[in-house]
Each structure stands twice: as C-alpha cells, then as structure tokens.
Novice: 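This is the structure I have questions about; it appears just below.
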Protein chains: 2
Amino acid sequence: MNLKDLAQHLGLSPTTVSRALNGFPEVAEATRVRVEAAAREYNYRPNTQAKRLATGRAMAIGHVIPISTQHEIVNPVFADFIAGAGEVYARAGYDMLLTIVPDAEQERAYREIRSKGNVDGIIVHGPRAGDPRIALLEDLGLPFVVHGRASGITRPYAFVDVNNSRAFERATRFLLDLGHRRIALVNGIEAMDFALRRRRGFERALAAADLSPDPRLMVAGEMTEAQGHDAARAMLRLSAPPTAFLTSSLLSAMGVRRALWEDGLVMGRDVSIVTHDDELGYLRNGAEEPIFTATRSSVREAGRRCATMLLRMIESPPPEPASELLEAVLVVGGSTGPAPGGAT
Amino acid sequence: MNLKDLAQHLGLSPTTVSRALNGFPEVAEATRVRVEAAAREYNYRPNTQAKRLATGRAMAIGHVIPISTQHEIVNPVFADFIAGAGEVYARAGYDMLLTIVPDAEQERAYREIRSKGNVDGIIVHGPRAGDPRIALLEDLGLPFVVHGRASGITRPYAFVDVNNSRAFERATRFLLDLGHRRIALVNGIEAMDFALRRRRGFERALAAADLSPDPRLMVAGEMTEAQGHDAARAMLRLSAPPTAFLTSSLLSAMGVRRALWEDGLVMGRDVSIVTHDDELGYLRNGAEEPIFTATRSSVREAGRRCATMLLRMIESPPPEPASELLEAVLVVGGSTGPAPGGAT
DNA sequence: CTGAAAGCGCTAACAC
DNA sequence: GTGTTAGCGCTTTCAG
C-alpha cells in the first residue's frame with residue numbers, strides 16, 4: 001500500500017493525502033479525519049527511502065564508534081549511552097545508524113558518511129585531547145555533538161560531558177578530609193580526554209592541600225580488574241604505600257579490592273577506595289559500604305541529552321554551539337550528598 | 001557531485017557511468033577505467049537514498065535490542081556483538097540500524113520496521129524460551145537470524161548460538177572430576193533461553209554422576225556482583241554448604257569470590273569457582289588461577305557470524321534456514337584445552 | 001557497447 | 001481546500 005493507492009481508494013490526489021498525513025494546515029478537517037482513518041485501516045506506512053530522497057533529509061543520526069586496534073575492548077559504557085539516545089530518536093522518528101570504525105580510518109569514514117548522505121548528524125564518541133575529528137566535521141558541515149570534550153580545541157563545538165575534573169577533585173578532597181595524605185590514582189588511558197580531566201581534578205585537590213602528586217602513586221591504563229589489582233599490589237609494596245585509592249572505574253576498584261584482600265588489609269579500615277562509576281552502574285550495589293562511589297551512572301542520561309541536542313541543532317541550527325556539563329553526584333556509603341561548588 | 005554531473009564531465013550517459021561503477025559486464029574496459037578514475041578524482045559517492053529507492057533494497061540491517069522495564073540494565077555483551085557484526089556490514093557496504101525497544105512493544109516495533117522498509121533483514125537479540133518474535137518475523141517475511149535460540153520453537157529458523165548446555169555440562173563434569181559433590185549454580189534469569197540451557201547442562205552432568213540437583217544450591221537472577229555475593233553468602237551458611245560454585249557470569253563469580261573472602265575461605269583450596277565468561281572477557285586475566293573459565297569471549301565472533309549468515313540469506317535465500325552452534329572453549333587456570341565431545 | 005526514457009514513492013512549487 | 005506537475009538521484013528495461 002503506497003501513497004498513490006491510498007489516494008485512489010479515497011478518491012483524492014496523493015498530494016492531499018500526503019498533506020493530511022503530515023499535518024499541513026490547509027487540509028479540511030473532515031478530509032484529514034477520513035484520510036487518517038483510511039491510513040490506519042490499510043495499515044499504510046510511508047516508504048522511508050522515498051521520503052528521504054524527496055526531502056533530502058535522512059531522518060537518521062550516525063553514531064561512529066572508534067575501535068582501537070590496540071585494545072580489543074569495546075567500552076561497555078557505550079551500550080547504556082546508546083540506549084538513552086535510542087529513546088530520543090524513537091520518539092522523534094529518527095533512525096540510529098551505527099558505524100564501527102578502526103582508529104586509523106576515522107577520517108575516511110567521516111568523509112564517506114558525509115558524501116553518502118545517509119545521516120543528518122553525528123554523535124562523536126570517545127574524544128581525545130585535541131581530537132582532529134572535530135575540525136573535520138566542522139569542515140564537512142555535518143552537524144555533530146561530542147559525548148565528552150577534547151582539551152585543546154578552542155573553537156566552540158557542541159558537547160555533552162560529565163564534569164570529570166570536578167568529580168575527581170571532590171573525591172580527592174573527600175579523602176583528604178578523612179585525613180589521607182598518600183592517595184593513589186588509578187586512571188584510564190590519558191590520551192582519552194576524560195582521563196586527562198580526571199587527573200587534573202585530582203592534582204588540583206592535592207595542590208589545594210599543599211601536596212604535590214607522587215608519580216609512583218599514579219598509573220594510567222586500560223580500566224580493567226587486572227589493572228587495579230596489579231597497580232595496587234605494586235603500590236602497596238612501596239616503602240610509603242598509599243592509604244587510599246581513587247580509581248577511574250568500578251572494575252579497577254574491584255581489582256584494588258582484591259589486592260587488599262591478598263595482603264590481608266581491610267578495606268575502609270586500613271585502606272579506603274573511592275571510585276568513579278559510570279560504567280557498570282548496576283554493579284554498585286555489589287560494593288560493600290567502604291567503597292565510595294563518586295558519581296552516579298549517568299551515561300544513559302548523557303545519551304538522551306546528546307541526542308536531544310543534536311536533533312535540536314538539525315531542526316533549527318543555533319547561532320552558537322550549545323553544550324551541557326552534567327555534575328556528578330557524590331554517593332557515600334550508599335547515601336547521596338549534593339554536589340558542592342568548585343572549579344571545572 | 002551526483003551521477004549526472006559525473007556523466008557530464010565524462011561526456012557519457014548516466015547509464016553507462018552507473019554500469020561501469022556497478023561492475024556490469026557490458027561496459028568497455030577502457031570506459032570503466034576512465035569512469036573509475038573520474039569517480040575517485042571527484043570523490044563521487046552514490047546517494048544512498050536514491051539507490052535504495054531505485055533498487056528497493058535498503059542496504060541496511062536492523063538490530064532490535066529489547067530493553068526490559070524490569071531491569072534497567074543494557075547487557076554489556078551487546079557492545080562486543082555489535083562490533084563484530086559491524087565489521088561484516090562495513091565490508092559488505094551495509095548500514096547497521098539500531099532500534100531500542102521496550103519489552104512490551106516488540107511486536108509493534110517489528111511490524112513498523114517491516115512496513116517502513118528501511119532494513120533488509122533483522123538480527124534478533126536476547127531470545128527467550130518460546131519467543132513469539134520468531135513466528136512474527138516469519139509471518140512478516142523479513143529475513144532474520146537469531147543470536148541464541150528459543151527453546152520450544154519447533155519450526156526451523158536461522159540462528160547462531162554458543163553451545164551453552166554443553167559448556168555447562170562440561171564445566172560441571174570438570175568439578176565432579178575434581179571430587180566435588182555439592183556444586184552450586186548461580187545462573188541468569190531462566191526466562192532467557194541461554195540460562196535455561198545452562199541449567200539443563202548442569203543437571204545433565206549431575207544426573208550422569210547419579211546426583212540429583214539440590215534446589216537450595218540453585219539460584220537464577222540478574223547476573224551481577226551482588227547476586228553472586230548474596231547467593232554465595234546464603235549458601236555458605238547452609239548445614240551442607242557447597243564446595244564449588246558454577247556461575248553464569250564473571251560478575252557473579254566476583255561476587256562469590258567476595259563472599260568467600262568475607263568468610264575467610266580460600267578460593268581453590270576450600271571452594272572452587274568455575275564461571276562462564278562471554279561477557280567481560282577482558283577481565284579474565286584479572287582472575288587468579290583458581291577461577292576457571294568455562295568459555296572464551298566469543299561474542300564478537302558470534303556477531304560476525306550472525307551478520308555473515310544474514311547477508312548470505314538476503315543475497316541468496318537458502319531453501320532451509322542455516323544455523324551455527326559455536327563450541328565453548330574450556331580454559332583452566334589460564335591454559336586452553338580442546339572441547340571434548342558430548343551432548344547438546 | 002552505449003544511450004534514452006521510464007520509473008522507485010514521496011514532497012513541494014505552483015496553479016486552480 | 002485540492003489537484004497538477006516536476007523533480008529528488010539512481011537503476012533498469014528497451015532500443016540502437
């Protein structure tokens with residue numbers, strides 16, 4: 001059943017039917033009702049491809065997932081983000097188009113997406129410091145929103161990010177307030193922008209307490225259980241071992257926990273652990289009280305906001321790129337406290 | 001730059017250019033070379049929408065992700081699967097279209113996808129026993145491949161699955177061979193087909209050793225760290241506690257491990273743990289020797305195979321639905337052993 | 001071997 | 001208010 005058939009059945013022209021179905025004002029109310037009833041009855045669905053060709057709008061958003069050849073892992077965070085964005089698209093009648101691209105082929109991929117013209121906009125995932133994709137997309141004239149930011153890029157661009165530096169600054173201050181002086185940072189790969197910001201927040205809090213960061217108490221790498229374990233194991237053997245760990249992921253925190261067990265240390269008594277957890281949020285309930293969580297699992301919400309922002313940009317391009325900075329919520333032993341003010 | 005422009009530049013008709021670019025045999029080799037060079041030079045990309053409209057093929061595959069309102073979680077496995085499938089699509093020139101659908105709206109969603117006609121086929125995720133989606137898709141005449149199977153569906157359909165029951169049978173037999181007699185099963189939600197099969201494999205191994213399953217040593221639920229912990233904690237307090245745990249996910253296994261620690265038990269000496277791990281495979285290295293892993297992280301490979309199978313079905317529909325059953329690899333203390341034969 | 005012409009199903013000027 | 005008429009950019013008969 002296509003538009004022409006439907007129109008024939010109704011004794012109307014395709015144009016009128018199209019207008020009635022797309023909510024144009026000039027259609028008589030009676031006709032509209034009649035058309036809508038018929039459309040329902042015959043279970044009519046406009047052909048997407050035809051619509052796209054005619055309007056020049058793809059009615060689809062592209063998500064480009066960079067996949068490193070280095071680390072085989074696909075960030076599990078991504079699933080939650082996608083779910084959030086998907087909700088928004090579904091409501092707005094957009095499709096979500098996923099492209100998995102090896103790190104090395106980013107540029108080619110973006111250009112191809114652009115010229116194939118099957119998306120109206122793009123969500124950029126996993127930005128790195130000074131990420132060249134931002135300038136590229138700007139050049140290509142393809143609307144985009146970055147999930148995260150890229151330090152070092154000065155031209156304004158649209159993004160949605162969690163305030164990573166402030167979250168880590170606060171978490172560090174929290175440990176300092178408990179009296180800790182030797183705090184270890186188990187961070188993600190610092191080429192990734194979010195990890196970079198987390199370290200800055202950590203260092204800012206130390207500086208505010210007149211402490212200088214100890215390189216032996218800082219590691220950056222894949223955020224796995226093994227990373228946390230190995231890092232903690234090594235650090236605990238230092239002449240001046242840390243009394244607290246701040247980790248970038250719940251998995252790393254679980255690794256640290258294991259290292260403590262192995263050394264017969266009691267978490268929360270001998271050593272404290274604070275972790276940022278936007279990754280496997282549902283794991284949080286598995287953490288016993290002494291593990292403090294520095295932020296809620298906000299990835300899904302970030303997905304919704306990215307999508308909403310992008311759709312808005314597409315429907316009515318704003319003069320200046322918008323942006324949103326979500327504040328991490330501090331969760332201490334299961335209870336949630338408000339986010340105090342502070343630097344970005 | 002569109003086909004017409006390109007043709008004009010070349011002094012050819014759009015028809016010839018189209019044919020040259022699409023590998024039709026009747027084009028003179030010289031012309032083809034010339035056309036291809038020009039296409040590259042002008043960076044020509046055929047407009048996807050137009051191509052789709054003209055051919056009636058969407059050149060896209062839909063992945064429909066059911067999202068339960070019960071459990072807020074998006075299965076992280078999914079990210080790896082998608083990555084695998086994405087590789088295949090990219091090579092074949094297909095787009096990957098993701099749809100996130102609440103459990104309750106599955107049927108409506110599939111019908112809509114069908115009538116909008118923007119995919120040529122569908123991958124079904126997270127099948128349950130007797131899943132009604134299979135019959136529905138069959139009715140709709142939409143090619144599909146199921147990732148997993150649906151117990152109770154007798155009509156043949158295309159699927160790619162890991163041999164879950166055999167994996168769990170072997171893992172159980174492994175523990176039995178070590179002398180364990182009270183083995184606990186910490187399973188996923190048994191409405192999900194994979195969990196059902198895992199339990200069957202577990203019970204089959206017990207039966208073969210003339211043991212009957214003890215309901216107090218079996219739980220099914222969300223596969224989280226908390227689940228493993230709580231289940232193990234409770235079971236360890238039974239008058240006849242288990243001496244081994246078989247879990248359906250690495251997260252659950254980590255929870256069990258925590259429960260052991262809390263009770264001062266030593267893993268691998270007092271209690272053994274075997275876990276199926278297709279979930280967070282990269283965590284496996286973080287597990288110390290006494291945790292045995294019953295299967296490799298094969299999700300990505302499953303993604304590749306599902307995609308390949310579906311594309312093949314679309315390009316040349318086979319008389320009978322194909323299927324693939326991947327065998328899980330047994331990993332013991334870091335070393336990989338071959339999969340012995342056995343029942344399905 | 002190459003080209004002209006007719007669509008694919010829809011939208012959007014432009015009449016009436 | 002409604003209909004007529006061109007396209008959107010490509011593929012695909014059908015002629016030459």
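Values in this document were obtained by computation on a predicted structure and should not be read as measured data. To find a chain, count down the sequence lines: A is the first, B the second, and so on, and within it residues start at 1.
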Novice: Nearest-Å distance, CD (A:Gln49) to C1' (C:dC8)?
Specialist: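 It is 10 Å, rounded to the nearest whole Å.
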
Novice: Please state how far atom CZ in A:Arg57 lies from atom P in C:dG9, giving the value in whole angstrom units.
Specialist: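 Checked: the CZ to P distance equals 22 Å.
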
Novice: At less than 4.0 Å, is any side-chain N or O atom of B:Ser18 found next to OP1 or OP2 of D:dT11? Yes or no.
Specialist: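 The answer is yes; a side-chain N or O of B:Ser18 sits under 4.0 Å from OP1 or OP2.
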
Novice: Are A:Tyr44 and C:dC10 close enough that a side-chain N or O sits under 4.0 Å from OP1 or OP2?
Specialist: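 Yes, A:Tyr44 has a side-chain N/O under 4.0 Å of OP1/OP2 on C:dC10.
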
Novice: Given atom CD of B:Glu26 and atom C1' of C:dG3, what is their separation to the nearest angstrom?
Specialist: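 Whole-Å distance recorded here is 12 Å.
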
Novice: How close or far is atom P of C:dC10 from atom CZ of A:Phe24, stated in whole angstroms?
Specialist: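 The answer, rounded to whole Å, is 15 Å.
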
Novice: With respect to the side chain of B:Ala50, which nucleotide from D:dG1, D:dC10, C:dG3 is positioned closest?
Specialist: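 Nearest nucleotide to the side chain: D:dC10.
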
Novice: Measure from the side-chain N and O atoms of A:Gln49 to the backbone N and O of B:Gly117, and report whether any donor-acceptor pair falls under 3.5 Å.
Specialist: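 At least one qualifying donor-acceptor pair exists.
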
Novice: What's the closest nucleotide to the A:Leu12 side chain, out of C:dT2, C:dG9, D:dG3?
Specialist: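 Closest nucleotide among those given: D:dG3.
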
Novice: Expressed as a whole number of angstroms, how long is the span from B:Asn118:CG to C:dG9:P?
Specialist: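 So the CG-P distance, B:Asn118 to C:dG9, works out to 15 Å.
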
Novice: Applying a 4.0 Å non-hydrogen cut-off, can you work out what B:Thr55 is touching in the nucleic acid: base, sugar-phosphate, or nothing?
Specialist: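 Result for B:Thr55 = sugar-phosphate.
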
Novice: Send over the distance from A:Lys116 NZ to D:dG9 P, rounded to a whole Å.
Specialist: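 Interatomic distance, NZ of A:Lys116 to P of D:dG9: 17 Å.
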
Novice: Output the rounded distance in Å from CG (B:Leu21) to C1' (C:dT2).
Specialist: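 B:Leu21 atom CG is separated from C:dT2 atom C1' by 16 Å.
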
Novice: Please check if the side chain of B:Arg128 supplies one atom and the backbone of B:Met192 the other of a donor-acceptor pair under 3.5 Å.
Specialist: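 No; judged by distance alone, with no hydrogens or angles, the pair does not exist.
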
Novice: Quick one: on DNA chain C, does A:Lys51 or B:Gly11 contact a more 5' nucleotide (nearest heavy atom)?
Specialist: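 Residue closer to the 5' terminus by nearest nucleotide: B:Gly11.
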
Novice: From C:dT2, C:dA5, D:dC10, pick the nucleotide closest to the side chain of B:Thr15?
Specialist: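 For the B:Thr15 side chain, the nearest candidate turns out to be C:dA5.
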
Novice: Would you call B:Glu107 and B:Arg133 a salt bridge, taking side-chain N to carboxylate O under 4.0 Å as the test?
Specialist: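 No, this pair does not count.
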
Novice: If you draw a 6.0 Å radius around CZ in B:Arg45, do more than 12 non-hydrogen atoms from other residues or ligands fall strictly inside?
Specialist: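 Buried by this count: over 12 neighbours within 6.0 Å.
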
Novice: For B:Arg19, report the nucleic acid contact type (base, sugar-phosphate, nothing); a contact means any heavy atom under 4.0 Å.
Specialist: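 Result for B:Arg19 = base.
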
Novice: Between A:Leu53 (CG) and D:dA6 (P), how many Å, whole number?
Specialist: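 Nearest whole value for this atom pair: 18 Å.
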
Novice: Aromatic rings A:His147 and A:His125: how do their planes relate, parallel, tilted or perpendicular, breaks at 30° and 60°?
Specialist: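 Perpendicular: the ring planes of A:His147 and A:His125 meet at over 60°.
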
